[in-house]
**Q** 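Sending over a structure as structure tokens; questions will come in a sec.
We use all heavy atoms of the structure for the numbers below, so side chains are in, but hydrogens, waters and symmetry mates are not.
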Amino acid sequence: MTALSADVNALDRAAFVARFGGIFEHSPWVAERAWPARPFADLEALHGAMVRAMRAGSADEKTALLRAHPELAGREAKEGRLTAASTGEQKSAGLDRLAPEEMRRLAELNAAYRATFGFPFIIAVRARTKDEILAEFARRLSRPPAEEFATALGEVETIARIRLERLFAAQGE
């Protein structure tokens with residue numbers, strides 16, 4: 001467990017949301033709703049409060065959260081419009097260095113997935129290879145929508161945990 005410095009628990013709502021609002025992609029409402037759960041003993045408690053806030057959101061809010069995620073190596077990446085966190089995550093898996101055939105395959109998978117489920121394919125890409133990601137992409141396309149919705153939310157939780165760990169590591173906490 002990673003202990004939190006006292007300043008995290010001392011943040012007012014606006015400062016807390018400013019610091020943690022990007023942990024869940026373009027969804028600062030998660031941090032806003034987790035703030036009242038202070039004090040957080042450690043990173044695990046902070047992550048847990050944020051996950052509970054996300055899980056307590058309405059179906060529409062959770063769908064919007066999923067839709068806020070970029071496609072893997074998609075248009076946002078090509079146009080340089082990813083968040084810094086998403087850019088680093090996709091680079092870590094080599095998704096910024098795909099061969100033309102891999103790009104075409106990923107574009108096909110992105111389109112099929114979005115058409116099937118209504119939101120982009122979400123996977124915690126850190127520590128995964130592009131081949132592992134492509135295999136998981138193809139496997140998850142055949143799942144029932146409710147099951148895939150739950151899986152995508154689980155991946156969002158994992159991504160949030162990784163982002164929190166990286167944020168605290170970068171700040172020396």
**Q** With a 4.5 Å cut-off on side-chain heavy-atom distances among I, L, V, M, F, W and Y, is there a chain of contacts connecting I122 to F149?
**A** yes
**Q** Looking at E136 and R139, is any side-chain nitrogen of the basic one under 4.0 Å from a carboxylate oxygen of the acidic one?
**A** yes
**Q** Step by step, would you call L65 with F119 a side chain to side chain contact (heavy atoms under 4.5 Å, CB included)?
**A** CA-CA 9 Å; L65 181 148; F119 52 87; over 6 Å; no
**Q** Which ring pair (Phe, Tyr, Trp, His ring centres under 6.0 Å) pairs, counting each pair once, include a residue from residues 38-67, with sequence neighbours left out?
**A** F16-F40
**Q** At their closest point, which heavy atom of A53 faces which heavy atom of A34, and how far apart are they?
**A** CB-N, 4.0 Å
**Q** Check E25 with R163, please: is the shortest side-chain N to carboxylate O separation under 4.0 Å?
**A** yes
**Q** Any pair with a residue in residues 58-69 that passes salt bridge (Lys or Arg N to Asp or Glu O under 4.0 Å), sequence neighbours left out, goes on the list, sorted by first then second residue, please.
**A** R33-E61
**Q** Does a salt bridge link R55 with E157, judged by any charged N lying under 4.0 Å from a carboxylate O?
**A** yes
**Q** Between I123 and L72, is there a side-chain heavy-atom distance shorter than 4.5 Å?
**A** yes
**Q** Is a side-chain N or O of S142 found less than 3.5 angstrom from the main chain of A138, in a donor-acceptor match?
**A** no
**Q** Inspect the contact between E155 and R128 and indicate whether a charged nitrogen and a carboxylate oxygen are less than 4.0 angstrom apart.
**A** yes
**Q** Examine the side chains of T151 and R140 and answer whether a donor and an acceptor come within less than 3.5 Å of each other.
**A** no
**Q** Does the side chain of V8 come within less than 4.5 Å of R19's, by heavy atoms?
**A** yes
**Q** If you apply the rule salt bridge (Lys or Arg N to Asp or Glu O under 4.0 Å), what do you find for E101 with R104, and how did you get there?
**A** CA-CA 5 Å; E101 181 53 40; R104 279 190 295 281; 2.9 Å; yes
**Q** Return the orientation label for the Y113 and F121 ring planes: parallel under 30°, perpendicular over 60°, tilted otherwise.
**A** perpendicular
**Q** If Ile, Leu, Val, Met, Phe, Trp and Tyr residues are connected whenever their side-chain heavy atoms lie under 4.5 Å apart, and connections chain through other members, are L66 and V30 in the same group?
**A** yes
**Q** Are I162 and V125 linked, directly or through other ILVMFWY residues, by side chains that come within less than 4.5 angstrom of each other?
**A** no
**Q** So do I159 and F24 actually touch side chain to side chain, heavy atoms under 4.5 Å?
**A** no
**Q** Per the salt bridge (Lys or Arg N to Asp or Glu O under 4.0 Å) rule, what does the pair list look like for residues 111-123, sequence neighbours excluded?
**A** E71-R114
**Q** For A99 and E102, which heavy atoms make the closest approach, and how far apart are they?
**A** N-OE1, 2.7 Å
**Q** Measure from the side-chain N and O atoms of R13 to the backbone N and O of W35, and report whether any donor-acceptor pair falls under 3.5 Å.
**A** no
**Q** L153, F117: one ILVMFWY side-chain cluster at the under-4.5 Å cut-off?
**A** yes
**Q** Measure from the side-chain N and O atoms of E147 to the backbone N and O of P144, and report whether any donor-acceptor pair falls under 3.5 Å.
**A** no
**Q** May I ask you to decide whether R161 forms a salt bridge with E44, counting only side-chain N to carboxylate O separations under 4.0 Å?
**A** yes
**Q** Show the nearest heavy-atom pair for residues P28 and V17, with the distance to one decimal.
**A** CB-CG1, 4.0 Å
**Q** To the closest 0.5 Å, what do you measure between NZ (K130) and CG (L106)?
**A** 10.5 Å
**Q** For residues H69 and H26, determine if any side-chain heavy atom of one lies less than 4.5 Å from a side-chain heavy atom of the other.
**A** no
